[in-house]
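In what follows, a structure is listed as structure tokens, so that the remarks can point back to it.
What you see is a predicted model, and the numbers here were worked out from it, not measured in a lab.
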Amino acid sequence: MSEKVRLGSRNVAIVGPYLSGKTTLLESLLFVSGAISRKGSVKDSNTVGDSATESRDRHMSVEISTACAEYNDIRFTFIDCPGSVEFAQETYNALMGVDAAIVVCEPIRERVLTLAPLFKFLDDWEIPHLVFVNKMDRANIHVLETLHALKAVSSRPLVAHQYPIMQGEQLTGFIDMVSEQAYQYHPGAPADPIPFPEHLKQEEHTARAEMLEALANFDDHLLEELLEDIEPPQEEILKDLKMELGADLVVPVFFGVAEQDYGVRPLLEALLRESPEPETTAARRLKGKASNTPIAQVLKTYYTPQGGKLSLVRVWQGKLTDGVVLNGVRAGGIYRLMGQQQQSLNEAVAGEIVALSRLEGIKTGDTISTERPAQLAKAEQLEPVYALAITPEKRNDEVKLSSAITKLLEEDPSLAWEQHGDTHEVILWGQGEIHLQVALDRLRRKYNLPMSTHMPQVPYKETIRKPVTSVHGRYKHQSGGHGQFGDVFLDIKPLPRGEGFNFKETIVGGVVPRQYIPGVEMGVREFLVHGPLGFPVVDVGVTLTNGSYHTVDSSEQAFKQAARLAMQTGIPQAQPTLLEPILRVEVTTPSEFTSKVLQLLSGRRGQILGYEGRQDWQGWDNITTYLPQAEMQNFIVELRSLTLGVGSFHWAYDHLQEVPEKLAEKVLASNGNGNNGNGK
């Protein structure tokens with residue numbers, strides 16, 4: 001096509017659960033549109049979608065991948081999104097920049113529940129989407145059961161755009177529900193029209209009536225036609241499908257086998273005909289405030305070995321040109337992506353998704369413009385639920401770690417890291433075990449930073465159970481010249497949980513001069529950093545009641561040492577006991593798994609505070625519990641295993657609580673072996 005003729009565009013995300021066949025569908029869409037001449041396969045690690053090294057190694061998508069195809073004067077930009085729940089942040093960020101989404105699923109009723117969080121996100125943000133039921137060639141499929149299950153997890157009505165034609169358990173063709181024309185599939189070729197299968201007439205008629213009734217709920221004219229038994233023209237039905245899909249009022253359903261290209265051409269035709277134009281999507285996102293000022297939003301950040309930083313952006317308004325200054329930063333080149341291949345461009349206009357190089361300081365989700373932009377809405381940040389303590393295998397690499405992790409977090413905002421104040425460990429947080437392993441692989445491959453890992457230590461504390469009085473501490477040291485002398489008496493008592501530390505003095509008659517009292521408090525505080533059980537001591541009150549000094553040999557340092565000696569004597573007499581952090585955890589699960597989740601929590605020493613139906617999530621429950629932090633490691637793994645991968649939780653530190661005696665013995669024994677109380 002001549003460069004003078006600008007193509008129209010559509011931006012489409014391909015989403016769905018792990019193993020549903022999203023990457024295979026992308027490969028088929030690219031093939032039937034002529035964008036590629038030969039299809040790759042996930043098994044052979046040569047697809048456009050799984051272009052990242054970590055994706056190829058695992059035969060699964062771990063980050064979004066972009067590819068373009070031209071079809072009937074429309075340039076489609078497809079974004080293949082990861083299916084694993086551990087990489088959901090990638091999917092949610094990408095969905096904020098598309099015009100429509102294809103939800104890919106298998107015809108297995110039991111697995112449809114895994115789509116619930118995705119449908120909820122799409123409907124909350126009113127993102128137009130349609131369903132492609134893939135793998136219709138597998139044995140023991142139940143189409144009607146799958147459709148019923150899909151309707152149960154979608155808040156929008158599903159409308160069957162096609163009726164599948166099956167021969168035994170094999171998909172051989174389909175009936176288009178708009179035209180009622182039947183088609184037969186052929187491997188590697190477009191489907192041919194065939195006579196209408198008479199044995200499906202009644203079933204297809206019923207399904208078509210349901211489709212028209214669903215559309216008529218939003219079109220009074222169509223409703224009148226149906227009430228008067230007037231057959232609506234095809235043009236009107238297609239117009240309704242386009243309008244209602246574009247407004248996220250209905251969800252059309254298609255069937256196929258992506259591996260054999262079955263159903264892919266009709267899907268592409270429907271996207272061409274019925275998905276909303278970029279201008280429509282932009283008007284909704286920009287709330288109708290259109291101008292020529294360039295506005296774009298970053299959907300994903302990459303760090304490439306050759307080109308450095310790349311920012312994948314959706315251009316919402318105006319035009320981006322080479323070297324444009326956005327948010328005060330001069331952009332480098334403009335590129336159209338095809339997996340890891342890059343095509344250099346001179347400009348990008350509204351409606352396109354392109355990559356910009358060298359946007360330093362600009363992060364995923366940011367709105368960018370030549371002027372000061374109002375920030376567009378972005379996907380909510382997922383809270384981390386799984387952690388590993390990490391240490392560079394080479395000690396000299398500690399200096400490089402902070403810079404590398406900063407880049408890692410720019411590429412994947414669902415990661416987080418901290419240097420724990422109590423355990424002094426560097427902790428990497430993420431969405432699950434595979435998620436963190438991918439991050440560690442990137443640290444090794446991209447930044448030559450191999451890591452050793454272990455489960456994070458539990459930040460235990462200790463406290464005392466009974467008060468002790470008049471604990472004596474004397475420090476006397478003579479080594480020529482001035483000596484060192486400090487003498488104190490301390491009262492030590494437990495404080496209510498959460499009070500921390502309190503220091504007082506009741507000195508009378510100057511038996512301890514005022515200038516030395518700060519040294520006493522300093523000595524007490526230093527001792528409390530590491531108590532007799534090996535952990536920081538909390539919820540303790542200490543009062544300086546008496547003492548003595550030497551006019552020449554006394555000093556603040558001497559009184560600090562005297563206070564430490566007094567604490568060293570007194571705290572073991574005050575019945576020290578071990579405390580563990582307790583988290584307040586809110587678990588979200590489908591109601592059918594609530595009883596199993598309650599058992600899981602109880603088995604991990606959870607104190608159930610109650611549960612109730614989740615607001616705006618029909619058929620889901622929220623369970624609130626107190627859970628020891630020591631029981632949280634791997635909790636997300638078991639929770640997902642019990643709930644088909646859709647269970648989740650939020651957590652926050654709540655309070656400290658005494659560790660049961662038998663468990664405390666294990667923790668202290670472990671601490672004695674140098675593990676700092678990590679009893680896992």
Side-chain angles (χ1 to χ4, degrees), residues 11-13 15 61-66 77 79-82 85-99 101 117-118 120-122 124-127 278 281-282 284-287 289 293-304 308-318 320 324-329 331-332 334-335 337 348 350-385 405-417 429-431 435 438-439 442:
N11 301 294
V12 180
V15 298
S61 299
V62 301
E63 66 180 9
I64 65 171
S65 185
T66 308
T77 299
I79 302 181
D80 183 21
C81 300
V85 66
E86 298 188 24
F87 302 96
Q89 189 77 60
E90 290 272 318
T91 298
Y92 295 157
N93 291 342
L95 284 170
M96 300 303 289
V98 299
D99 304 306
L118 182 56
K120 187 70 168 59
F121 183 91
L122 291 165
D124 283 350
W125 288 100
E126 298 183 346
I127 298 169
T281 312
R284 188 175 70 245
R285 289 296 304 278
L286 299 173
K287 305 189 186 304
K289 300 175 183 177
T293 303
I295 296 177
Q297 187 173 28
V298 181
L299 309 180
K300 166 72 179 173
T301 302
Y302 301 94
Y303 275 93
T304 64
K309 184 176 180 179
L310 277 180
S311 301
L312 187 72
V313 306
R314 162 72 186 254
V315 185
W316 289 109
Q317 178 179 279
L320 302 181
V324 64
V325 177
L326 301 164
N327 292 18
V329 180
I334 304 174
Y335 304 96
L337 300 185
E352 293 190 284
I353 290 179
V354 296
L356 305 179
S357 64
R358 299 197 295 276
L359 286 182
E360 303 303 331
I362 292 175
K363 299 179 180 178
T364 299
D366 286 354
T367 305
I368 53 178
S369 177
T370 53
E371 300 179 3
R372 189 168 192 152
Q375 291 295 305
L376 297 174
K378 55 186 177 182
E380 183 179 359
Q381 190 78 26
L382 298 178
E383 295 182 21
V385 293
I405 288 185
T406 298
K407 291 181 178 179
L408 202 65
L409 267 59
E410 279 196 67
E411 286 194 281
D412 186 352
S414 61
L415 292 167
W417 77 297
W429 285 93
Q431 303 302 314
H435 186 215
V438 168
R442 286 178 176 154

Gln375, CD: over 12 other non-hydrogen atoms inside 6.0 angstrom: yes
Work out which heavy atom in Val15 is nearest to a heavy atom in Ala101; give both atom names and the distance. CG2-CB, 4.4 Å
Side chain to side chain contact (heavy atoms under 4.5 Å, CB included) filter on Ala439, not counting sequence neighbours, yields Leu408, Leu415, Leu428
Please report the shortest heavy-atom distance between Pro294 and Ser369, naming the atom on each side. O-OG, 2.6 Å
With Glu63, which residues qualify under salt bridge (charged side-chain N to carboxylate O under 4.0 Å, His left out), at least two apart? Lys300, Arg442
Residues forming a side chain to side chain contact (heavy atoms under 4.5 Å, CB included) with Glu383, sequence neighbours excluded: His650
Once ring pair (Phe, Tyr, Trp, His ring centres under 6.0 Å) is applied, do any residues pair with Trp429, and if so which ones, sequence neighbours excluded? Trp651
His435 and Asp412: which non-hydrogen atoms are nearest, and at how many Å? NE2-OD2, 2.6 Å
With Lys120, which residues qualify under salt bridge (charged side-chain N to carboxylate O under 4.0 Å, His left out), at least two apart? Asp124
Could you walk me through whether Leu95 and Val98 pass the side-chain contact (heavy atoms from CB on, under 4.5 Å) check? CA-CA 6 Å; Leu95 284 170; Val98 299; 4.2 Å; yes
Could you tabulate the donor-acceptor pairs under 3.5 Å formed by side-chain atoms of residues 360-368, not counting sequence neighbours?
from, atom 1, to, atom 2, distance (Å)
Thr364, OG1, Thr301, N, 3.4
Thr364, OG1, Thr301, OG1, 2.9
Asp366, OD2, Lys363, N, 2.8
Thr367, OG1, Leu376, N, 2.7

Glu86 side, atom CD; Leu382 side, atom CG - distance, nearest 0.5 Å: 12.0 Å
Ring pair (Phe, Tyr, Trp, His ring centres under 6.0 Å) involving Tyr335 - partner list, sequence neighbours excluded: none
What are the two closest non-hydrogen atoms of Tyr302 and Ile64, and how far apart are they? OH-O, 3.0 Å
Could you work out, with side chain to side chain contact (heavy atoms under 4.5 Å, CB included) as the rule, every residue matching Ala379, not counting sequence neighbours? Gln89, Tyr92, Asn93, Met96, Phe121
For Asp99, which residues count as a salt bridge (charged side-chain N to carboxylate O under 4.0 Å, His left out) partner, sequence neighbours excluded? Arg314
Give the minimum heavy-atom separation between Ala296 and Val315, together with the two atoms involved. CB-CA, 4.0 Å
Closest approach of Ala94 and Leu299, non-hydrogen atoms and distance? O-CD1, 4.3 Å
Got a sec, which residues hit side-chain hydrogen bond (donor to acceptor under 3.5 Å, both in side chains) with Gln431, two or more places apart in sequence or on another chain? none
Hey, are the side chains of Ile79 and Asn11 touching, using non-hydrogen atoms and a 4.5 Å cut-off? no
